[in-house]
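Below is one structure, written out as structure tokens; the observations come after it.
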Amino acid sequence: MANIILKKDWEISENLATPESAYFRRREFLQGTMLTSIATLGALYGCGPSTVPNRLPEIKWTGTEKSLYPARRNSEFEIDRPLTDEKTAGTYNNFYEFGSDKSDPVHYAQKLNTRPWKLEVAGLVNKPRTFDIDDLLKAMPIEERLYRLRCVEAWAMAVPWTGFAFKELLKLVDPKPSATHVKMETFYQPFTAQGQLAFWEPWAYTEALTLEEAMNDLAFLATGIYGHPLPKQHGAPVRLAVPWKYGFKSVKSIVKIELVDTRPMTFWTTLQGLEYDFTANVDPRIPHPRWPQNREKMIGTGIVRATLPYNGYGKYVAGMYS
Ligand code: MTE
């Protein structure tokens, strides 16, 4: 009898697979349109790749933050793998405002002043508000959640975020029935974040979700990680965590959230829409045009795992896409 090998639905044909060495090249994400930018940004920062520091930079806590930790862990969101070591996660970052090498943001993002910090929520809402971040923290139900993060570059990590459900913030501003999408924007400070001096790129970094996605239980606004406030390289003082989508959707250091009635252009759809689509749900069956997406490498340990549809969060989110 012939030996029939049934492929799992996340497996792709072997001849589509790239050799491992090419598969996990660190800068693949930025190839193509961004190559020129890298060279220029490198020159702007006056450096080659940064080195990993011996210790992570110290976190400065505000009085409000001190009163919020340790936050209660929400046991609904357990994960199937060990947490990534904190130093690994905090020295291997994508934050292109602060350089294109993974070890740049831990150095250069420290220049960002994160207090005082205002977060404006505007657009198609009945109660537009501009929040001081510490007032917002006091008003929100702060909790800890263990989430996986799957980067489109095929690396992954598992971290404990602290923060609050996105829907809790949206409830405060009362979206109008005409609102369909939620657009989020990072600060624009080109003299602090010199990556933004690349005037040919569509800064500030913006991302967006449908309103339904933003109201989903999983959509989380993170204000902390590893039991303390967010370090700057992770997107202090507030960033998105949407673990069923590729990591580039999880916009950092947000200053504005706007509810709108059309699908917005984002940083990546403007730069390279064919490679980084708007929806960006993790899907092992659809290879990126330049590499497969059926496997992922855990940063720190190097363990390679099969990538799961919706990054394993299908029970929470698949219903939105049927
Ligand atoms: N947000 C901003 N403002 N700028 C960025 O370059 N990079 C994104 C996302 N959010 C990015 C951003 C990408 S590509 C990833 S994978 C995650 O942040 C990485 O988050 P981390 O550095 O905390 O692991």
Side-chain angles (χ1 to χ4, degrees), residues 26-31 34 37-38 41 50 52 56 83-109 112 114 119 147-163 183-190 192-196 198 201-209 220-226 229-257 266-272 275-277 280 282 288 293 296-300 307 311:
R26 297 177 66 202
R27 297 204 179 187
E28 289 279 29
F29 193 26
L30 290 167
Q31 276 180 356
M34 290 195 79
S37 313
I38 293 170
L41 295 183
S50 304
V52 172
L56 287 171
L83 289 178
T84 301
D85 158 70
E86 179 174 359
K87 189 177 168 203
T88 302
T91 52
Y92 190 90
N93 302 99
N94 279 338
F95 202 169
Y96 296 114
E97 287 85 339
F98 296 106
S100 59
D101 193 273
K102 296 284 186 287
S103 53
D104 285 338
V106 67
H107 299 284
Y108 302 112
L112 181 68
T114 55
L119 174 61
Y147 273 0
R148 296 185 289 276
L149 181 145
R150 169 61 157 81
C151 180
V152 72
E153 298 164 318
W155 57 263
M157 64 179 190
V159 296
W161 298 114
T162 310
K183 181 178 167 192
M184 292 148 282
E185 200 172 305
T186 297
F187 63 84
Y188 181 64
Q189 297 178 29
T192 304
Q194 293 183 10
Q196 295 181 332
E201 292 170 358
W203 306 105
Y205 194 105
T206 51
E207 258 310 334
L209 300 172
F220 197 62
L221 285 170
T223 53
I225 191 170
Y226 295 101
L230 272 186
K232 296 180 181 184
Q233 66 273 25
H234 281 297
V238 56
R239 58 90 54 84
L240 184 67
V242 277
W244 73 100
K245 293 181 178 283
Y246 289 119
F248 66 86
K249 296 296 285 185
S250 288
V251 48
K252 295 178 170 182
S253 303
I254 303 169
V255 291
K256 184 168 181 187
I257 297 176
T266 66
F267 183 81
W268 287 108
T269 55
T270 308
L271 262 183
Q272 219 6 318
E275 301 206 345
Y276 309 107
D277 73 304
V282 175
H288 181 276
Q293 290 292 26
E296 64 203 41
K297 191 172 191 171
M298 299 303 298
I299 56 169
T307 291
N311 200 19

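For ligands, and for the atoms within them, numbers begin at 1 and follow the listed sequence.
Which parts of ligand 1 touch Cys151 is read off a 4.0 Å heavy-atom cut-off, strictly below it: atoms 16 (S). Taking every non-hydrogen atom of Val251 and a distance limit under 4.0 Å, the qualifying atoms of ligand 1 come out as 1 (N), 10 (N). Ligand 1 places these atoms under 4.0 Å from at least one heavy atom of Gly247: 8 (C), 9 (C), 13 (C), 15 (C), 16 (S), 17 (C), 18 (O).
Exactly one residue among Asp277, Val152, Asn311 makes a side-chain contact (heavy atoms from CB on, under 4.5 Å) with Tyr246. That residue is Val152.
Of the heavy atoms in Met157, only side-chain atoms (C-beta onward) come closer than 4.0 Å to ligand 1. Counting heavy atoms under 4.0 Å from ligand 1, residue Arg239 touches it through the side chain alone. By the criterion of a heavy-atom distance under 4.0 Å, the side chain of Tyr205, and not its backbone, is placed next to ligand 1.
Ser250 counts as a contact of ligand 1, since one of its heavy atoms falls under 4.0 Å from the ligand.
Residue Glu97 has at least one N or O atom closer than 3.5 Å to an N or O atom of ligand 1. By the 3.5 Å distance cut-off applied to N or O atoms, Thr186 is counted among the residues near ligand 1. Of the N or O atoms in Asn93, one or more lie within a sub-3.5 Å distance of an N or O in ligand 1.
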Yes or no on ring-ring contact (aromatic ring centres under 6.0 Å, His included) for His234 and Phe95, after CA distance, side-chain angles and deciding distance?
-> CA-CA 8 Å; His234 281 297; Phe95 202 169; 9.7 Å; no

*asked:* Could you go through Gln194 and Tyr108, starting from their C-alpha distance and side-chain angles, then the distance that decides it, and tell me whether this counts as side-chain contact (heavy atoms from CB on, under 4.5 Å)?
replied: CA-CA 9 Å; Gln194 293 183 10; Tyr108 302 112; over 6 Å; no

Test side-chain hydrogen bond (donor to acceptor under 3.5 Å, both in side chains) on Lys102 and Asn94; report intermediate values, then the result. CA-CA 6 Å; Lys102 296 284 186 287; Asn94 279 338; 3.0 Å; yes

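Of the inter-residue distances, the one linking Trp268 atom CH2 with Glu275 atom CD reads 9.5 Å to the nearest 0.5 angstrom.
Within the 4.5 Å cutoff, the side chain of Trp203 has heavy atoms near those of the Tyr96 side chain. Using a 4.5 Å heavy-atom cutoff, the side chains of Phe187 and Gln196 are in contact.
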